Amino acid sequence: MSDRQDIPYETPSSAPAHPAQTAQTAQTAQTAHGTRPAPPISVLLDAAAGAALPVLRGVRDDQLGWRTPCAEYDVRALLNHLFQVVVAFRSLAAKKDVDFSRTPDRLGEYGAQWPDRFADVSARLVEAWAVPGAEDGLTGGMRLPARTVGAMVLLDLTVHAWDVARATGRPYTPAAGCVAELRTLVAQMAPTARKMNVFAEPAPVPPGASDLEVLLAETGRDPHWTAG
């Protein structure tokens with residue numbers, strides 16, 4: 001089983017069997033349970049970026065080669081991956097095609113300014129998904145519902161922030177509302193992701209585990225992973 005723990009947004013064959021149903025479920029799950037509808041993806045992305053940035057700004061140069069809960073990434077590679085995702089999903093919000101065939105070395109390009117540049121591209125991501133109509137229709141090579149695609153980058157921002165925090169020994173608390181949205185997404189996409197070896201098998205969680213711990217376990221992560 002692959003150790004890769006990302007969501008399947010690169011390969012057309014990874015689309016859920018009923019993508020329209022996936023989007024509808026993501027948007028209405030909370031309403032069905034008698035609570036308020038899920039907020040716009042742009043609001044959740046803004047909150048997730050706000051929770052992630054303190055973790056990223058705390059990364060020291062000597063920690064860039066440290067391993068992370070994603071076995072194929074060290075800290076530097078994971079941060080470059082996050083840059084790639086945030087930039088690409090800004091284009092997906094505008095229904096444009098994106099190229100995931102290579103991952104630019106943004107940390108090498110930006111040097112010590114990379115945290116500020118990440119803050120900038122994250123703000124532009126939020127703006128792109130706040131444009132009227134961004135959540136409507138289909139987008140991406142898989143032609144998935146736009147709301148689902150927006151939730152994918154929300155998953156990366158949330159879960160990879162946890163990865164970096166764990167790798168570097170920093171505290172991290174996910175933004176309010178994001179975990180509930182993401183558990184809906186993962187419940188819909190995880191079976192396909194596991195067949196593609198994108199998610200590992202679910203990790204065990206003890207009774208009383210937090211919602212974040214359950215989400216991490218559903219993506220194949222050990223919620224209690226440590227670098228030591």
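What you see is a predicted model; the values in this text were computed from it and never measured.
In this structure, Leu154 is not a member of the same hydrophobic cluster as Val131, with clusters built from ILVMFWY side-chain heavy atoms closer than 4.5 Å. Cluster membership for Leu216 and Val214, using ILVMFWY side-chain heavy atoms within less than 4.5 angstrom, is not shared.
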If you apply the rule side-chain contact (heavy atoms from CB on, under 4.5 Å), what do you find for Val149 with Val153, and how did you get there? CA-CA 7 Å; Val149 173; Val153 66; over 6 Å; no
Full working for side-chain contact (heavy atoms from CB on, under 4.5 Å) between Asp97 and Ser91: CA-CA 7 Å; Asp97 293 332; Ser91 295; over 6 Å; no
Could you give me the CA-CA distance, side-chain angles and deciding distance for Leu138 and Leu144, then say whether side-chain contact (heavy atoms from CB on, under 4.5 Å) is met? CA-CA 5 Å; Leu138 306 177; Leu144 285 173; 5.9 Å; no
Can you check side-chain contact (heavy atoms from CB on, under 4.5 Å) on Val87 and Val98, steps first, answer last? CA-CA 9 Å; Val87 171; Val98 296; over 6 Å; no
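Heavy-atom minimum distance, Gly150 versus Trp129: N-CH2, 3.5 Å. Scanning all heavy atoms of the two residues, the minimum distance from Pro104 to Arg102 falls at CD-O, 3.6 Å. Counting all heavy atoms, side chain and backbone alike, Val75 lies closest to Ala167 at CG2-CB, 3.9 Å.
Taking a cutoff of 4.0 Å between a charged side-chain nitrogen and a carboxylate oxygen, Arg147 and Glu181 qualify as a salt bridge. Look at Glu109 and Arg106 and you find a salt bridge, because one of the NZ, NE, NH1 or NH2 atoms lies within 4.0 Å of a carboxylate O, short of that distance.
Under 3.5 Å, the side chains of Gln84 and Thr103 contain a donor-acceptor pair of N or O atoms.
Side-chain atoms of Thr173 and Leu212, non-hydrogen and from C-beta on, never get closer than 4.5 Å to each other. Residues Leu182 and Thr158 meet the side-chain proximity criterion, which asks for heavy atoms closer than 4.5 Å. Side chains of Tyr73 and Leu82 form no contact here, defined as non-hydrogen atoms less than 4.5 Å apart. Annotation: side chain of Trp162 is in contact with side chain of Arg221 (closest heavy-atom distance under 4.5 Å). Taking 4.5 Å as the limit, every side-chain heavy atom of Ser42 sits out of range of all side-chain heavy atoms of Glu127. Contact of the Met152 side chain with the Val85 side chain is not registered, since no non-hydrogen atoms from C-beta on lie closer than 4.5 Å. Within the 4.5 Å cutoff, no side-chain heavy atoms of Val121 are placed close to those of Arg90. Between Leu79 and Arg76, every side-chain heavy-atom pair lies at or beyond the 4.5 Å cut-off.
No side-chain donor-acceptor contact under 3.5 Å links Trp66 to the backbone of Val164. Side-chain atoms of Thr68 never come within 3.5 Å of backbone atoms of Asp74 as a donor-acceptor pair (strictly under, hydrogens ignored). A donor-acceptor contact shorter than 3.5 Å links the side chain of Lys95 to the backbone of Ala134. Without hydrogens or angle criteria, Glu135 side chain to Ile41 main chain gives a donor-acceptor distance under 3.5 Å.
The aromatic rings of Phe83 and Tyr110 are tilted relative to each other, their planes meeting at an angle between 30° and 60°.
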Scan the side chains in residues 44-62 for donor-acceptor partners under 3.5 Å anywhere in the protein, sequence neighbours excluded, and list what turns up.
residue : atom : partner : partner atom : Å
Arg57   : NH1  : Asp116  : OD1          : 2.8
Arg57   : NH2  : Asp116  : OD1          : 3.3
Arg60   : NE   : Asp62   : OD1          : 2.8
Arg60   : NH2  : Asp62   : OD2          : 3.1

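Atom CZ of Arg67 is separated from atom CZ of Arg166 by 12.5 Å, given to the nearest 0.5 angstrom. Atom CG of Leu155 and atom CG of Leu215 lie 6.5 Å apart (nearest 0.5 Å). A distance of 11.5 Å separates CZ in Arg183 from OG1 in Thr219, rounded to the nearest 0.5 Å.
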